[in-house]
Student: 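Below is one structure. I have some questions about it.
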Amino acid sequence: GRFAAGPAEIMERINASIDFDKRLYRQDIRGSIAHCQMLVKQGIISATDGRKIVTGLRRIEGEIDAGNFAFSTRLEDIHMNVEARLKEVIGDPAGRLHTARSRNDQVATDVRLWASRSVRDLRAGIARACAALATLAERELKAGTVLPGFTHLQRGQPVLMAHWCLAYVEMLRRDDERFADALRRIEVSPLGSGALAGTAYAIDRAALARDLGFGAGGASRNSLDAVSDRDFVFETLSAAALCGLHLSRLGEDLVVYSSAEFGFVQMADRVTSGSSLMPQKKNPDAAELIRGKSGRLLGNLVRLAATLKGLPLAYNKDLQEDKEPLFDSVEHLAMCLAMVPECLTGIRVDRARCRAAADDGFSAATDLADYLVRRGVPFRDAHHTAGRLTRLALERGVALHRLTLEQMRSVEARIGRDIYRHLEVDAVVAKRNVAGGTAPAQVRRRVAEAKAWAARRVREERGR
């Protein structure tokens with residue numbers, strides 16, 4: 001009634017969000033049903049109208065599920081599309097549904113409901129990825145697979161391949177914790193905040209929050225904040241971006257380890273591709289795509305930050321731009337998480353090549369220094385001596401443990417005949433028998449714990 005003319009064609013196009021926010025239809029209808037039932041309980045609308053509204057909303061949900069619903073850009077968004085169809089289905093009672101609410105608190109509720117479900121699904125994906133990593137760790141622990149650990153991409157010290165797997169389990173478990181923590185702030189109900197100031201109707205916001213499954217979060221405490229808050233979206237995108245970074249590092253390791261220069265692993269045909277020109281190629285496309293999509297997730301985070309940084313209170317149309325990056329990040333992170341088990345289940349490990357690289361003749365230099373420390377040499381002096389012996393071996397073109405005892409003693413007289421057993425790769429690994437270390441005894445406990453954690457989380461998500 002306020003306007004004498006309709007919007008310009010370009011205004012209609014720029015203003016419409018139905019092309020992407022239609023995926024919120026389940027949440028929109030769920031929120032509307034809860035709102036309607038609360039209005040009936042509070043005596044704000046009649047029980048007869050309430051039954052008609054709920055029946056109509058469930059019919060509309062069925063139509064959308066079946067693909068028989070005609071979305072209109074003229075009606076802007078999912079809220080108006082549903083409400084207009086409800087008017088067609090049940091007539092005048094449809095106009096009572098919007099009593100005591102605004103599209104501002106309605107959309108905030110819809111997005112929170114969608115984010116809540118999506119974050120739980122992502123946590124399930126993290127659990128399955130961790131289960132795959134733990135299974136690979138268990139397999140390679142039984143095989144005694146050792147590979148070189150790297151710093152600066154230079155061979156450092158040997159580690160069990162199982163230890164390498166568990167490093168990524170730790171990263172993903174932190175991601176799971178971040179998403180779980182984010183859920184506490186996602187699951188807060190803004191419904192009843194109205195456009196910005198609350199509502200004059202005697203509604204029961206606490207009951208609404210419970211009916212919508214917001215649980216301990218309850219109803220929001222400030223209406224101005226509730227309709228304009230998108231912290232929960234930003235936090236979800238932040239957790240997704242960091243999870244993507246961790247998966248990117250895993251993808252990078254798989255790309256490097258599967259190269260001919262390393263040759264540690266060979267990825268299954270189902271997650272690789274050939275070349276259109278070079279018939280011998282087997283490209284680690286899945287791992288590269290996991291690595292590549294991390295940039296997309298980071299971009300979505302920055303995109304929302306740029307949108308939010310200068311907004312005045314309360315709701316602004318800019319907030320329409322929160323949904324596409326959220327939808328996109330959830331979709332692509334879910335794909336990356338699902339790809340991890342696919343990549344790891346069929347992976348073949350060249351254990352002999354891994355061991356040869358780990359036992360390259362110099363990875364035990366630190367253990368040589370440690371040996372001298374146990375003989376009473378200060379660590380800095382021992383470190384210097386181990387470096388001199390490494391240079392001597394390089395000059396003679398032999399591995400460190402191939403130097404004769406006399407050659408070693410020419411540099412440090414306190415070296416005994418037992419030095420050689422301290423330089424064996426299995427002994428080097430076994431000596432790291434501290435909590436979090438790469439010794440088999442430590443890794444065995446961590447594998448069992450990681451498997452149990454992943455199995456428990458998978459069961460929890462299946463039980464939702």
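These numbers come from the heavy atoms of this one structure, side chains and all, not from hydrogens, waters or symmetry mates.
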Student: For R374, does the CZ atom sit with more than 12 other heavy atoms under 6.0 Å from it, leaving out its own atoms?
Tutor: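 Counting neighbours around CZ of R374, more than 12 heavy atoms of other residues, nucleotides or ligands fall under 6.0 Å, so yes.
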Student: Just by modelled atom types, is the E342 backbone N or O under 3.5 Å from a matching donor or acceptor in the T345 side chain?
Tutor: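 No, T345 side chain to E342 backbone: no donor-acceptor pair under 3.5 Å.
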Student: I would like to know whether Q266 and D350 meet side-chain hydrogen bond (donor to acceptor under 3.5 Å, both in side chains); could you show each step before the answer?
Tutor: CA-CA 8 Å; Q266 186 174 135; D350 190 333; over 6 Å; no
Student: Checking side-chain polar atoms at under 3.5 Å, does R101 have a donor or acceptor matched by the opposite partner on S32?
Tutor: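 Checked: R101/S32 side chains pair up, N/O donor to acceptor below 3.5 Å.
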Student: Within the supplied structure, the quantity of interest is the number of heavy atoms (other residues, nucleotides, ligands) at a distance under 6.0 Å from R402 CZ; does it exceed 12?
Tutor: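 For R402, atom CZ is not crowded (no more than 12 foreign heavy atoms under 6.0 Å).
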Student: Please find out if less than 6.0 Å separates the ring center of F262 from that of F150.
Tutor: yes
Student: Looking at every heavy atom in both A34 and D211, which two are closest together, and how far apart are they?
Tutor: CB-CB, 4.3 Å
Student: Got a donor-acceptor contact below 3.5 angstrom from the T307 side chain to the R303 backbone?
Tutor: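 Looks like yes, one N/O pair under 3.5 Å.
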Student: Check whether any side-chain heavy atom of L166 lies under 4.5 Å from a side-chain heavy atom of L133, and answer yes or no.
Tutor: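 No, their side chains stay 4.5 Å or more apart.
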Student: For E177, does its backbone N or O pair with a side-chain atom of D181 as donor and acceptor, under 3.5 Å?
Tutor: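 The answer is no, because no donor-acceptor pair under 3.5 Å joins these two groups.
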Student: Between R30 (side chain) and L212 (backbone), is there a donor-acceptor pair under 3.5 Å?
Tutor: yes
Student: Should D175 and R178 count as an ion pair when the cut-off is N to O under 4.0 Å?
Tutor: yes
Student: For atom CZ of R249, decide whether the heavy atoms of other residues, nucleotides or ligands shown that lie under 6.0 angstrom number more than 12.
Tutor: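 Open.
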Student: Less than 4.0 angstrom from a charged side-chain N to a carboxylate O is my criterion; do E461 and R457 meet it?
Tutor: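 Between R457 and E461 there is a salt bridge, with a charged N closer than 4.0 Å to a carboxylate O.
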Student: Please name the pair of heavy atoms, one in P284 and one in V255, separated by the smallest distance, quoted to 0.1 Å.
Tutor: CG-CG2, 4.1 Å
Student: Give, for atom CG of N15 and atom OG1 of T73, the distance between the pair rounded to the nearest 0.5 Å.
Tutor: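 With rounding to 0.5 Å, CG (N15) is 10.0 Å from OG1 (T73).
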Student: Looking at A134 and K451, what are the two nearest heavy atoms and their distance?
Tutor: CB-CG, 3.5 Å
Student: Please name the pair of heavy atoms, one in M339 and one in A286, separated by the smallest distance, quoted to 0.1 Å.
Tutor: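 Closest approach of M339 to A286, heavy atoms only: SD-CB, 3.7 Å.
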Student: Please tell me if the side chains of V146 and V428 come closer than 4.5 Å, counting only heavy atoms from C-beta onward.
Tutor: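 When only atoms from C-beta onward are counted, V428 and V146 do not touch, as no gap falls below 4.5 Å.
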Student: Taking the basic N atoms (NZ, or NE/NH1/NH2) and the acidic carboxylate oxygens, is any pair closer than 4.0 Å for R13 and D19?
Tutor: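 Answer for the salt bridge query: no.
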Student: Is the shortest side-chain heavy-atom distance between I347 and L254 below 4.5 Å?
Tutor: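 Counting from C-beta outward, I347 and L254 do come under 4.5 Å.
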Student: Does this structure show an ion pair linking R112 with E187, if we count only N-O contacts that are shorter than 4.0 Å?
Tutor: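 So R112 does not pair with E187 through a salt bridge.
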Student: Hey, is R74 close enough to E12 for a salt bridge, meaning N to O under 4.0 Å?
Tutor: no
Student: Look at atom CG of L394 and say whether more than 12 heavy atoms of other residues, nucleotides or ligands are closer to it than 6.0 Å.
Tutor: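 Yes, because the 6.0 Å sphere around CG of L394 holds more than 12 heavy atoms from other groups.
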Student: Salt bridge between R355 and D426, side-chain N to carboxylate O under 4.0 Å?
Tutor: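 Answer for the salt bridge query: yes.
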Student: So, Y168 versus D253: side-chain donor-acceptor pair below 3.5 Å or not?
Tutor: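 Yes - a donor-acceptor pair under 3.5 Å links their side chains.
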Student: Atom NZ of residue position K309 - does it have more than 12 heavy atoms of other residues, nucleotides or ligands inside 6.0 Å?
Tutor: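 Atom NZ in K309 is not packed in, count stays at 12 or less.
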Student: Quick one: do N300 and S329 satisfy side-chain hydrogen bond (donor to acceptor under 3.5 Å, both in side chains)? Show the steps, please.
Tutor: CA-CA 7 Å; N300 285 332; S329 285; 2.9 Å; yes
Student: Let's go through F71 and F69 carefully: what are the C-alpha distance in whole Å and the side-chain angles of both, what is the deciding distance for ring pair (Phe, Tyr, Trp, His ring centres under 6.0 Å) to 0.1 Å, and is it a yes or a no?
Tutor: CA-CA 6 Å; F71 292 103; F69 190 95; 4.8 Å; yes
Student: Is there a donor-acceptor pair closer than 3.5 Å between any side-chain N or O of D359 and the backbone N or O of A357?
Tutor: no
Student: Could you tell me which non-hydrogen atom of L237 sits nearest to which non-hydrogen atom of P325, and how far apart they are?
Tutor: CD2-O, 3.6 Å
Student: Could you please spell out the steps behind the side-chain hydrogen bond (donor to acceptor under 3.5 Å, both in side chains) verdict for Q106 and D28?
Tutor: CA-CA 8 Å; Q106 187 179 359; D28 194 70; 3.0 Å; yes
Student: Within the side chain of T438, is there an N or O that forms a donor-acceptor pair under 3.5 Å with the backbone of L160?
Tutor: yes
Student: Would Y25 and D110 count as a side-chain hydrogen bond (donor to acceptor under 3.5 Å, both in side chains) here? Give the steps.
Tutor: CA-CA 8 Å; Y25 77 92; D110 291 358; over 6 Å; no
Student: Using a strict cut-off of less than 4.0 Å between a Lys/Arg side-chain nitrogen and an Asp/Glu carboxylate oxygen, indicate whether E63 and R59 qualify as a salt bridge.
Tutor: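 Answer for the salt bridge query: yes.
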Student: Report yes or no: do T272 and N283 form a side-chain donor-acceptor pair below 3.5 Å?
Tutor: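 Checked: T272/N283 side chains show no N/O donor-acceptor pair below 3.5 Å.
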Student: Are the side chain of D229 and the backbone of D231 linked by a donor-acceptor contact shorter than 3.5 Å?
Tutor: yes
Student: Does a side-chain N-to-carboxylate-O contact under 4.0 Å join R85 and E88?
Tutor: yes
Student: Give a yes or no answer on whether the side chain of K431 reaches the backbone of H422 with a donor-acceptor pair at less than 3.5 Å.
Tutor: yes
Student: Could K323 and D21 be called an ion pair, given the rule that one side-chain N must be under 4.0 Å from one carboxylate O?
Tutor: no
Student: Counting N and O atoms only, with roles assigned by atom type, does the side chain of D77 sit under 3.5 Å from a partner on the main chain of H79, one being a donor and the other an acceptor?
Tutor: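 Pair found, side chain donor or acceptor close to backbone of H79.
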Student: Could you pull out the closest heavy-atom pair between L122 and L337, with the gap in Å?
Tutor: O-CD1, 3.7 Å
Student: With a sphere of 6.0 Å drawn around CZ of R380, does it hold more than 12 non-hydrogen atoms of other residues, nucleotides or ligands?
Tutor: no
Student: Heavy-atom distance under 4.5 Å between the side chains of R23 and W114, does that happen here?
Tutor: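 Yes, at least one pair of side-chain atoms sits under 4.5 Å.
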Student: Looking at D105 and S193, would you say the former's side chain and the latter's main chain have a donor-acceptor pair under 3.5 Å?
Tutor: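 Here the side-chain-to-backbone pair exists.
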Student: For E76, is there an ion pair with R103 - N to carboxylate O distance below 4.0 angstrom?
Tutor: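 Looking at R103 and E76, the cut-off is met.
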Student: Should R230 and E321 count as an ion pair when the cut-off is N to O under 4.0 Å?
Tutor: no
